[in-house]
Each structure stands twice: as C-alpha cells, then as structure tokens.
Amino acid sequence: MFDYDKWQEIFASIQRHKLRTTLTALGVFWGIFMLVLLLGAGNGLRNGVEYEFQDDALNSIWIRRGVTSMEYQGLPEGRPISFDNEDYDLLIDHFDGIEHATGRFYLRGDQLLVYKDKELSFPTRGVHPGHQQVEKSIIIRGRYINQRDLDEYRKVAVIGKEVAASVFGNENPIGKELKIGGIIYTVVGEYYEEGNPNEMRIVYLPISTVQRVYAGTKTLHQLMITTGDMPLEEMKALEKEIKMAMAARHQFALADPRAIWMSNMGVQFQEYQNFFRAIRIFVWFVGIGSIIAGVIGVSNIMLIVVKDRTREIGVRKALGATPRDFIAMIFQEAIVITGLAGCGGLAAGVGVLAIISDLEVQYFRNPEINIWVGLAATLVLILAGALAGLLPARQAARIHPVVAMKAD
Amino acid sequence: MKAKIGVSWSLLHLINRNHPIDKMISLKKIRKAYRTDFTTLEVLKGIDLEIASGEFVSIMGSSGSGKSTLLNVLGLLDDFDSGAYHLNGESMKNLSAKEGAHFRNRLIGFGFQSFNLLSFKTADENVALPLYYQRVDRNERQKKAREYLERVGLLDWADHLPTQLSGGQQQRVAIARALITQPKIILADEPTGALDSKTSDEVMGLFQDVNDEGITVVLVTHENDIAERTKRTILLKDGLIEGDQMHMSTAKLSINV
Ligand SMILES: Nc1ncnc2c1ncn2[C@@H]1O[C@H](COP(=O)(O)OP(=O)(O)OP(=O)(O)O)[C@@H](O)[C@H]1O
Ligand SMILES: [Mg+2]
C-alpha cells in the first residue's frame, strides 16, 4: 500500500536536513560503490586469467627446453638440452595416465601462405595428433592431423579459423591447395578455439612432414601431455617422474631448475584460483567494512534526527501517535536513505565497471559483477538500513511525551 | 506570584461532591514523585478529584505546586505512582504506550502555553495532524481541518506557517487542532500565559464556546480573571487540593448539558 503521507513526511524530513542526509548517504553510496568496483575488478582479473587459460587444457603439462645451470657428473653447466622424437616415444611408452601427448616443432618466423592471388604470413607448427586435445582445438570443418598423416609424411594442413577467414574468405578451405613456405599442402581441417583469438591464427602440419621437409631433423621444440581426469596430486607426481626420466636421459641434475621447464596447467590454475579466492575474501572484507561504516553513519544520523525532533515527537505523541508510528517513520527514513544511496552506488559502480571493461588490458577482462550478487547486496543494504534505524527508532519510541515537549 | 486570588475559597466545595452526573474524571489518592539518583520530590501527594462531564474547570496555585504535573497526569502525558484514575469511566492505570496514545487521540484535546505547533507544517496541516493518527483519509482530513480553522476564525490563514501567525492566532490553531478529533475533554496548561489580555480574552471566548457544546474543559492558569471565566476553580498547594470553588454566577451551568 502506498501511504502518501508517510512518504511525504520522510521526504520533508530529509529535505529539512539536506546536507546532513547527503553526507550520510554519501557514506553508504561509497560503501556499495567500492564493493561493486572491487568485486568487479576482482572478477575482471579472474576472467582475464581464465581467458588466458581457456585455450589450453587444464589437465596439461608443458615441457620446454632449457639450458643447464648446474654441473652434472662432470658435464659443465650452460649445456642446452634439446628434445627429439625419442622423448615423445618415452612419454608415450613409459608413463601411465597420459591421455594425449604431442611434440611441437616451430617453423622459424611466420610462413608465407599463398592461395590464388592472396599472400599472407602466419605462424606454422608441426604437431602430433594429440596436440588437438592439448590445445582444446575444436574442428569446425574437416579433420585434425592424424597418425597416418605422420606415418606417410603427408603434406596436409589444419588451419585456424582466422587463417581460413583471411586466406579463403567465404570459400570452404577443405581440400584446397595452399602453398606454405613454398611447398604445396592440402587443407584438411579448420579449427576453432575458445579464448584469445590469436590462437586461431596458426597453421598446423604433421610433425613428421615438418621435420623432414624443412629441417631434416628429429628435433622437437616442445612436448605436451594431457592427463585425463587425473587428480592434481597425481599430476604433480607424474610431473616429477617425467622430470626424473628426462634428467636421466639428458643427463642433468634433477635439482637443476633451468635444464627443462615444466609447467603444470592444473597446478597453475589452482594456484590462480587460490589467489583469486584470497582476493575475493579481501574484497568482501573491505566492501562489507565500508558498508558497515556507511550504515553506522545512517544509524548515527537517525539518532541525531530523533534527538533533534524530540519535541516534535512529544507533540505527535500527545496528539495520538503510537510508538509504532515512530518506529515505522524512522525505519522508513533510514531505509530510504540507505536504499537510494545504495542503488546509486550500485548503479555508479556498474557504470564505472562498464567503462573500464572497454579497456584492452591483458589479464583483465569483463569486470562485470554477477547481477544476483548486486541485487543481494542491495537487499542486504536495505536490511542494513532497517538495522540502522533500529536504535534510533527505539529511542524515539521510548521518549515520554511530557519529557519530549520540554526538550529544545 | 502576583496578587492573591480574589475568589473566596470555600471548603464546602472540597472534594467528593456526591454522585456527580456523568463522571469525566475521577482521581483517588493520586500520588506522584519525581526521582533522581539522590532525591525524591513528591509533587502530587494524594489528589482526590472528580470532574463531571461538561464542566469548565480552572486549576490554580503557586508556582511549583504541581499544576502542570496534575494536568499531565490527567492528559496521560505522564505516569502517576499510585492511586486510581478513571477517565470517561475507564481506568488509566498502567496503560501501555499504545493505549495511552489511543486515549489521548480519541478522548483528549490539548492546549499548551507555547502552543506546540509543528513549525514546518502549515496551519491546516497542524490542525489535521491528530486525524492522521486516526488513519483518516487525506482529503477528509484536509476538509475537516479547514472546517475547524473556520470555527476559530482562521480559514484565511490555513496555508500559513506558525511563524507567520501571531501568538493568539497560533493558540487558536492549536485549539482547532485539539477540537478536530471531537474530544470529550480539553486540557490546557496556561493557554493564555503567553498572550496579552485582549488575545487571552478571545482565546477564553473560544474555550467558553467549546464548553457550551458540552466538552469538558480543564485549564491551568495563574490569572484570576481567567479563572473567573471558568465555572469551577481548584486550588493546589504543595501537591494537595487546598480549595475547590464553584463560581456562583455560572455554577448551575456546570451540572447540566
Ligand atoms: N520532570 C521533572 N523532574 C523533576 N522535577 C520536576 C519535573 N517536572 C516538574 N518538577 C518539579 O515538580 C514540581 C511541580 O512542578 P509543576 O511543573 O507541576 O509545577 P507548576 O505548578 O506547574 O508550576 P508553574 O506554575 O511554575 O508552572 C516543581 O518543583 C518542579 O520543579
Ligand atoms: Mg506549570
């Protein structure tokens, strides 16, 4: 029910103390504004990092070449470690729990792609079939590199969506002949990946073909595996075992941190998640703290209002106002102040987030806040407003009319 | 205190007039003390008093004798410690705040020396206020407020704030506010205390009109000529009733209605 008189009373009261009310409202406004901003920024940071993780499998372990930084059994430090196909075979043959594996061979620089009159350059890599799962590539047309491509040294290519769009436009690239670095390949597949679109600007070729045609080696630049639904602890153990095997094979100290670089996406992701959990707790802590400060401000101002209006309250009581009338009045005023200021803060916070979400910064994306969290926060704020009115309302209700009328 | 009261006090009229017609107020051994941490000040020391419906009563006494305290107890603005108080036949003992508010709103209209109008509300809004606590519809309130303002001759001032009105006008607005709920009794603490004699006269005229309609009027005053315009004067001294005088010229009026 809309009680015009009550609202008029409230706004009249607010209007009589504009500055005071404004300052108080500002406290609440700032509280919720900061909460929204901090939450949004926290989310932005998390989204940014998750975005970077999105295009790779979270159950993957990446192994990169390094240079020894320790002597090992008479071998000097500063020795570069390199991988070859036998390392790949080692991974495949000797470890349980590896779901997919792949090597990677980077062709130096971007390769020139020629199709009809189009000439464009893209990064090009040789990979095993398991690369698809490591990179979480989704085939949208044709197929990925397969074992027969490798066995028969086929000249086939799988290209990213961006590559296909740039080179073939609206044409279907599957089956088309494409000159890559001077050699003609048949496009057999086109893929898509979540996350950073740069991951779809790459050309993948069978690793055997690349090794033979461009380099004449069995070298691999990088090795990756996925581990299925292996738990993190086992993943860490597997990582250690692989390092031990590599250390034995390539003769470097197990303790050498630089001989090979291994990154465990699962563990890294979990570390990030822990980090963001900590940030979140901090954000809520600070945000709720400032809201509480705002609410205490409202409570305080309402106490002053009650004190200021003691005489008026006394007169109203003489005329028949019940304690409940004042409780309702004070509550509503407190709720109106917190509610309006809170909604303002929420809107301002969301507005600022919308502005900064347009900024293109790495590791920072979509600093939005969950609409439910926003609404819940507003609801809590209104409850807090009621709470803020509690003490002053009781104060007002208790005032004895005759005492009140003597006040000044 | 100024000149001693020029009314002849008669103990014959003291207390317990037998079988008053339609008792409006009945006080029995009402006591009240103000307590602080270290002292207790007894203000009402056992007041026995009956006021019939339709009476026009003034309460007099020297400063500090307990007049305001008594009136506040009568008006349910303050508690009493012991004794019995019946208003319009109902016991006023141990009322909750809500019950007190209800009785004040339905039965009593108040006048004050300092008027106690809300300064940020216009005359008609002030007059309408008691009806708000009866949950009367807004338009109806406004209509009634104007009606009562007209009765006190201030319809043209309906939209004015109290600060824009003279003392006498403010008191008339306050009286209109007291009357709007059609109370059974009007209680006024020195309603003319802040007014000059001419405006006092007008205000007393209003009270007379109100009483003529049958509404019981009880007012506190320091002034003999004000008291003389009522039909009965009660004299307080040190928290006890020392005198209770019917004014002969108008005495018969106090009984009928
Ligand atoms: N709230 C209070 N606390 C303590 N003492 C009080 C309180 N109100 C009144 N008194 C004291 O009680 C006594 C009676 O006060 P009251 O106001 O009833 O006197 P009064 O007859 O109305 O006097 P006046 O003619 O000056 O208005 C006085 O001594 C006064 O100081
Ligand atoms: Mg007094």
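Every chain is numbered from 1, with letters handed out A, B, ... down the list of sequences. We use all heavy atoms of the structure for the numbers below, so side chains are in, but hydrogens, waters and symmetry mates are not.
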Run B:Tyr34 and B:Thr69 through side chain to side chain donor-acceptor pair (under 3.5 Å) and show every step you take. CA-CA 10 Å; B:Tyr34 290 112; B:Thr69 305; 3.3 Å; yes
Between B:Lys98 and A:Asp325, does any side-chain N to carboxylate O distance fall below 4.0 Å? no
Most heavy-atom pairs under 4.5 Å with chain A, out of B:Leu77, B:Thr181, B:Asp79, belong to B:Leu77
Portion of B:Phe103 that has a non-hydrogen atom of chain A nearer than 4.5 angstrom: neither
Before you tell me yes or no, could you show the steps for B:Asp137 and B:Lys144 under salt bridge (Lys or Arg N to Asp or Glu O under 4.0 Å), namely the whole-Å CA-CA distance, both residues' side-chain angles and the distance that decides it to 0.1 Å? CA-CA 11 Å; B:Asp137 162 75; B:Lys144 272 236 172 130; over 6 Å; no
Part of A:Gln8 lying under 4.5 Å from any heavy atom of chain B: side chain
Could you go through A:Ser13 and A:Glu333, starting from their C-alpha distance and side-chain angles, then the distance that decides it, and tell me whether this counts as side chain to side chain donor-acceptor pair (under 3.5 Å)? CA-CA 8 Å; A:Ser13 161; A:Glu333 190 171 330; 2.9 Å; yes
Ranking A:Gly320, A:Pro401, A:Pro323, A:Ala397 by heavy-atom pairs under 4.5 Å to chain B gives rank one to A:Gly320
Under 4.5 Å to a heavy atom of chain A? For B:Asp78 that would be both
Using a 3.5 Å distance criterion without hydrogens, assess whether the side chain of B:Arg172 forms a donor-acceptor pair with backbone atoms of B:Val152. yes
Strictly below 4.0 Å, N to O, side chains only: are B:Asp124 and B:Arg177 in salt-bridge contact? no
Residue part contacting chain A, namely of B:Arg106, when any heavy atom lies under 4.5 Å: neither
When the 4.5 angstrom heavy-atom criterion is applied to A:Arg16 and chain B, the contacting part is side chain
